[in-house]
Protein chains: 4
Amino acid sequence: MKALRKTRPERGAQLESVSIPAIAPDEVLVRVRAASICGTDLHIYDWDPWSASRIHPPMTFGHEFCGTVEKIGAEVTTVAEGDFVSAEMHVNCGHCHQCRVGQPHICQNLRIIGIDLDGCFAEFVRIPARNIWKIDPAIPEHYAAILDPLGNAVHTVLAGEIAAQRVAVTGCGPIGLMAIAVAKACGCSTLFATEVNPHRLELARKMGADEALNPKEIDVVKRVREATGGTGVDVLLEMSGHPTAIRQGLQMLRAGGRASLLGIPGQPVTLDLLSEVIFKGATIQGIFGRKMFETWVQMTALLRDRRLNLEPLFGEQLPLSSFPQAFELLLSGQAGKVLFYPNGIPREG
Amino acid sequence: MKALRKTRPERGAQLESVSIPAIAPDEVLVRVRAASICGTDLHIYDWDPWSASRIHPPMTFGHEFCGTVEKIGAEVTTVAEGDFVSAEMHVNCGHCHQCRVGQPHICQNLRIIGIDLDGCFAEFVRIPARNIWKIDPAIPEHYAAILDPLGNAVHTVLAGEIAAQRVAVTGCGPIGLMAIAVAKACGCSTLFATEVNPHRLELARKMGADEALNPKEIDVVKRVREATGGTGVDVLLEMSGHPTAIRQGLQMLRAGGRASLLGIPGQPVTLDLLSEVIFKGATIQGIFGRKMFETWVQMTALLRDRRLNLEPLFGEQLPLSSFPQAFELLLSGQAGKVLFYPNGIPREG
Amino acid sequence: MKALRKTRPERGAQLESVSIPAIAPDEVLVRVRAASICGTDLHIYDWDPWSASRIHPPMTFGHEFCGTVEKIGAEVTTVAEGDFVSAEMHVNCGHCHQCRVGQPHICQNLRIIGIDLDGCFAEFVRIPARNIWKIDPAIPEHYAAILDPLGNAVHTVLAGEIAAQRVAVTGCGPIGLMAIAVAKACGCSTLFATEVNPHRLELARKMGADEALNPKEIDVVKRVREATGGTGVDVLLEMSGHPTAIRQGLQMLRAGGRASLLGIPGQPVTLDLLSEVIFKGATIQGIFGRKMFETWVQMTALLRDRRLNLEPLFGEQLPLSSFPQAFELLLSGQAGKVLFYPNGIPREG
Amino acid sequence: MKALRKTRPERGAQLESVSIPAIAPDEVLVRVRAASICGTDLHIYDWDPWSASRIHPPMTFGHEFCGTVEKIGAEVTTVAEGDFVSAEMHVNCGHCHQCRVGQPHICQNLRIIGIDLDGCFAEFVRIPARNIWKIDPAIPEHYAAILDPLGNAVHTVLAGEIAAQRVAVTGCGPIGLMAIAVAKACGCSTLFATEVNPHRLELARKMGADEALNPKEIDVVKRVREATGGTGVDVLLEMSGHPTAIRQGLQMLRAGGRASLLGIPGQPVTLDLLSEVIFKGATIQGIFGRKMFETWVQMTALLRDRRLNLEPLFGEQLPLSSFPQAFELLLSGQAGKVLFYPNGIPREG
């Protein structure tokens with residue numbers, strides 16, 4: 001089969017022919033319909049220091065996808081050939097402390113398909129049966145391809161109360177934009193989005209932000225404080241990972257508020273813990289992955305009920321062979337979610 | 001001033017002229033614009049056994065209203081003459097165990113304006129300053145008149161997770177109908193409403209119920225179980241107080257689900273605690289009043305953001321003098337929320 | 001091997017020679033050191049209506065035990081031969097809604113070893129590897145034999161706040177008595193125990209109850225209300241399943257309190273929902289089994305730290321062949337926890 | 001009366017004769033029996049930059065105390081002359097967002113008696129009636145004098161689950177030491193304390209720490225990780241405010257753990273948010289003051305039940321006039337809690 005692989009410890013990727021993966025008795029082979037490119041894939045393509053330390057070529061990358069079950073292992077009973085599926089690509093060990101106390105998403109021995117194991121930028125991908133998520137037929141294919149990042153957004157938004165809460169979203173990349181849609185769908189009150197990229201600010205408005213603010217142009221903390229009668233927002237959803245945005249977000253947060261941090265800082269961050277956390281009695285939550293499988297249940301409900309319009313997020317639909325174009329587009333910062341179709345692009349896509 | 005009063009321990013009410021209430025230094029006098037009739041007021045009018053044991057004539061009843069501040073006491077700083085306000089009519093003592101641990105809504109020494117103290121079916125009503133709630137100007141007057149029951153609905157819906165949850169609402173009186181609107185506004189998934197009155201079932205659909213079911217016509221438990229793949233709903237909002245509906249609601253609830261009970265049973269209720277609560281690991285919450293003032297903050301946000309369309313709920317707008325017509329209409333079960341205008345009906349009402 | 005079995009649908013049991021169970025690749029064979037008799041086993045022995053409807057002879061019963069691993073299946077990596085272990089005897093399906101949202105203890109397809117599958121009143125018992133719980137070496141053997149009911153107690157006590165809370169325990173059978181010890185170990189404040197059996201009341205005092213009250217002798221609700229300044233207790237741990245005790249417990253509970261129900265009512269229970277739950281804003285929790293495996297982590301910590309003195313609970317130590325004596329002792333209501341030693345009684349036991 | 005006052009913007013304090021405070025109708029005058037010196041008082045005495053920016057001389061400082069009610073205002077009904085009392089010295093406004101949603105301890109307009117208003121280092125202190133806390137007669141006088149810092153400790157420990165949890169306490173000043181006692185009293189599992197001062201480490205052991213570790217001598221993170229099987233602690237109670245201790249504490253914390261921060265950093269703190277918070281799915285809570293009045297209820301229960309032995313914490317008992325000795329002792333870092341007795345030292349103290 002064709003697979004997009006990282007074969008050498010350097011920038012770029014290679015489209016190769018490799019064997020279709022063999023599956024164990026508790027595994028499933030999935031024929032990939034659509035796969036989406038994550039920011040992490042850009043890092044792997046670009047071979048940044050994180051990639052160099054974590055990725056071991058040769059390997060196939062990609063971890064956002066949907067497809068149909070091609071074959072099931074001998075012990076598999078919960079999914080059948082032909083089922084339309086996606087998968088939780090974080091594979092937990094099942095026996096560490098976190099796995100035993102109901103927190104498998106922060107397993108101590110987590111392996112990630114597409115990072116530690118061969119991923120979905122290929123015609124077929126091998127998945128443990130218990131990680132398979134069957135997709136409700138009401139959910140369109142292109143939405144099914146991005147459940148992994150949508151799950152990040154849903155996990156972040158629903159990590160605490162959201163209905164009737166005033167919200168700030170700092171950082172409007174794809175997951176930040178999805179978080180805006182999710183928060184509005186769940187009854188949040190005034191939502192302030194901050195972002196330095198004007199194109200993304202415009203998307204933030206389309207996704208439902210009440211105010212989309214550019215910190216390069218105005219004092220966003222002052223504006224949010226004013227607009228909330230001096231109190232600040234009840235909830236911060238931090239999706240940028242940028243130290244300045246994190247600090248601004250915490251300054252916007254009201255005393256007693258909740259800050260949920262999903263964005264990935266590239267370096268240690270200096271915080272005024274005293275004023276912004278301790279004296280405020282604030283709660284800061286680290287958010288990682290998706291709850292297994294509460295988050296999947298939640299996002300299935302939101303999508304099936306047509307609560308989320310994610311159309312503005314989508315960009316090009318390409319064959320795997322167009323990968324150089326796909327990555328360069330995304331690295332330019334101008335594209336929406338780009339989808340690969342390793343087994344062919346659907347006619348009406 | 002004119003006031004609708006219960007002057008004798010018997011069915012009915014009397015419209016009388018009484019003195020405008022004098023206020024204490026920490027109290028406020030409010031000129032009533034619109035007052036709404038609650039089911040409790042029907043009991044008082046009808047003089048049922050509960051009323052006979054609780055109400056001490058002569059007194060003015062009514063506890064749902066909005067109005068403008070006419071006069072403030074010498075110590076009052078948080079509200080000014082002319083402000084458009086409503087009020088939390090449950091007056092807590094401030095020093096019992098519950099008041100001291102952040103649960104003033106279940107104060108041990110609670111007094112209720114319109115039941116224990118003279119109420120709002122009058123041109124003016126006297127309110128402790130700390131019970132006053134200033135109304136956001138974006139909220140229309142007729143909505144402002146029903147914040148008390150809307151608060152019951154918001155308190156019930158938001159007493160646990162609601163986004164992406166499957167919900168059953170048993171009982172579609174005014175508060176049940178409001179709960180449907182609130183749950184949908186807060187991102188709930190499939191919502192099943194049950195009710196024996198066909199008119200109310202129709203309203204349930206208008207308010208957003210996905211399925212409005214009549215237990216006289218179908219096996220509602222079976223239908224809800226089928227529609228949820230055998231699992232049941234995640235959340236029960238019990239708004240009827242009827243023993244059969246309570247039992248059906250619990251049978252619809254999934255293992256691990258949440259049942260929030262607001263409806264007032266007229267008698268002890270026999271429950272299959274073992275199957276419906278214990279073996280299910282279910283959580284049952286008693287809901288009373290409104291959280292002071294979290295619920296008020298929440299409903300203000302929902303209304304200001306125009307998340308709730310409550311128009312289908314409203315019925316007649318009448319002067320106080322039409323009280324016999326108002327009560328008979330409501331006792332017939334056919335009317336929506338009837339509003340009194342003690343100081344005159346607005347032209348464009 | 002020798003096994004105590006229910007071979008016929010009638011009162012009693014039979015000690016038989018049967019084959020040692022064969023294990024699947026993901027299972028473990030455990031040599032039973034000590035097994036404890038649960039109230040459920042008495043029902044099975046006595047062949048009450050519940051047993052007649054649920055138990056399918058021939059089968060080996062018993063579900064509280066500890067032992068050493070004799071043999072592991074080919075795929076098992078988390079436990080080794082010779083390990084000292086107990087097990088969660090509730091076997092969840094892994095794929096129903098509850099299993100997927102982190103509530104496997106209330107799995108829709110739960111099977112129980114010793115009820116639905118052959119149990120531990122035998123020299124050997126077969127257990128799925130993921131249900132095995134390795135026992136900290138600091139925990140004595142006889143304590144290790146009763147982790148199943150201790151887990152019920154820990155699950156009930158820690159289902160909400162307990163430190164500095166006033167507590168009522170209604171029903172002082174073995175699990176109620178353990179709950180007293182657990183609640184005191186976790187910093188509860190005044191603990192009231194109610195029980196009609198004087199011997200058990202005496203044990204309640206030994207386990208740490210501040211007041212052990214007999215509802216046959218005094219008005220327990222009045223006493224608890226008086227002793228709490230009229231407020232009531234913050235937490236009710238209902239361990240009896242008796243309708244009167246459940247009602248008394250709820251009457252003792254303060255407005256805003258938590259009632260956790262573990263005791264198994266033999267019939268529907270009539271409750272004054274209005275006064276005792278709804279107007280009180282109380283929370284009622286059904287408790288079933290043990291959280292998998294949060295509860296096991298918690299009880300391991302409590303036992304390893306020697307926080308619990310359970311010695312007063314233990315009764316006779318007997319070989320399997322003395323089963324008639326064991327069951328008659330327990331059915332008389334006078335015995336503590338009776339332990340079977342299917343592979344021989346330890347010298348210094 | 002005699003009062004210890006800050007009369008000039010410079011190091012030191014002055015013992016002066018001033019008028020006994022006049023009280024408003026909703027206030028209480030308390031005759032101070034014992035007052036305790038807080039770290040904040042040392043800052044005020046020492047006139048550090050924080051003091052210079054916050055304190056406005058002339059004023060009487062001191063905010064930890066107990067005493068007897070000397071006189072009550074005309075409207076006061078909840079406390080009587082002669083009552084033995086302490087007080088919550090944080091005076092909330094009652095009408096900001098936080099006050100209205102049940103979080104008065106983080107009021108936006110908070111004033112602190114002893115900082116913003118005249119404090120308790122005097123023969124008498126004036127307190128709003130609703131801030132008065134009546135002391136259970138079972139609580140000894142010297143314990144009653146330190147409820148303010150004990151409340152900080154209780155608030156921190158009980159801000160999440162504690163029973164059966166492994167705990168790290170970083171920083172063993174008086175509040176850290178109290179937190180150790182509280183955590184153990186509430187059933188925590190292994191407790192690791194870290195502190196650089198050997199005298200305080202010794203006290204940490206006396207208060208119940210299982211391991212008292214000096215970061216100057218060993219790699220405390222490595223030790224805690226080893227002792228927890230590589231997992232880390234479930235709960236971090238950060239009581240030092242020191243950046244290194246905060247970072248070490250977070251490194252000790254397990255994925256999914258809770259970090260409650262009470263210690264006051266003197267400057268911004270640089271954190272590895274990605275590894276220690278985000279990827280870990282950790283929760284960080286800022287802790288400020290005491291919950292009003294949940295914390296007071298909790299600490300009353302713990303003290304009345306004699307769950308806490310705080311004796312090792314106490315140091316000298318002095319008249320107000322010995323204030324130079326008291327402050328120099330404390331600034332040397334060697335003393336325990338020093339108590340002033342403005343109305344005379346009790347004979348058997």
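Below, read A as the first sequence line, B as the second, and so on, with proteins coming before strands; counting in each chain starts at 1.
- In this structure, the portion of B:Arg304 lying under 4.5 Å from any heavy atom of chain A is its side chain and not its backbone.
- By the 6.0 Å contact criterion, NZ on A:Lys291 is open, its count of non-hydrogen atoms from other residues, nucleotides or ligands being 12 or less.
- A distance of 7.0 Å separates CD of A:Gln298 from CD of B:Gln165, quoted to the nearest 0.5 Å.
- Counting only heavy atoms from C-beta outward, the side chains of A:Glu161 and B:Glu294 never approach each other to under 4.5 Å.
- Among all heavy-atom pairs drawn from B:Gly187 and A:Leu302, the shortest one is O-CD2, 4.3 Å.
- Most heavy-atom pairs under 4.5 Å with chain B, from the set A:Cys188, A:Ala185, A:Ala301, A:Cys186: that is A:Cys186.
- The distance from atom CG of A:Leu191 to atom CG of B:Asp305, rounded to the nearest 0.5 Å, is 10.5 Å.
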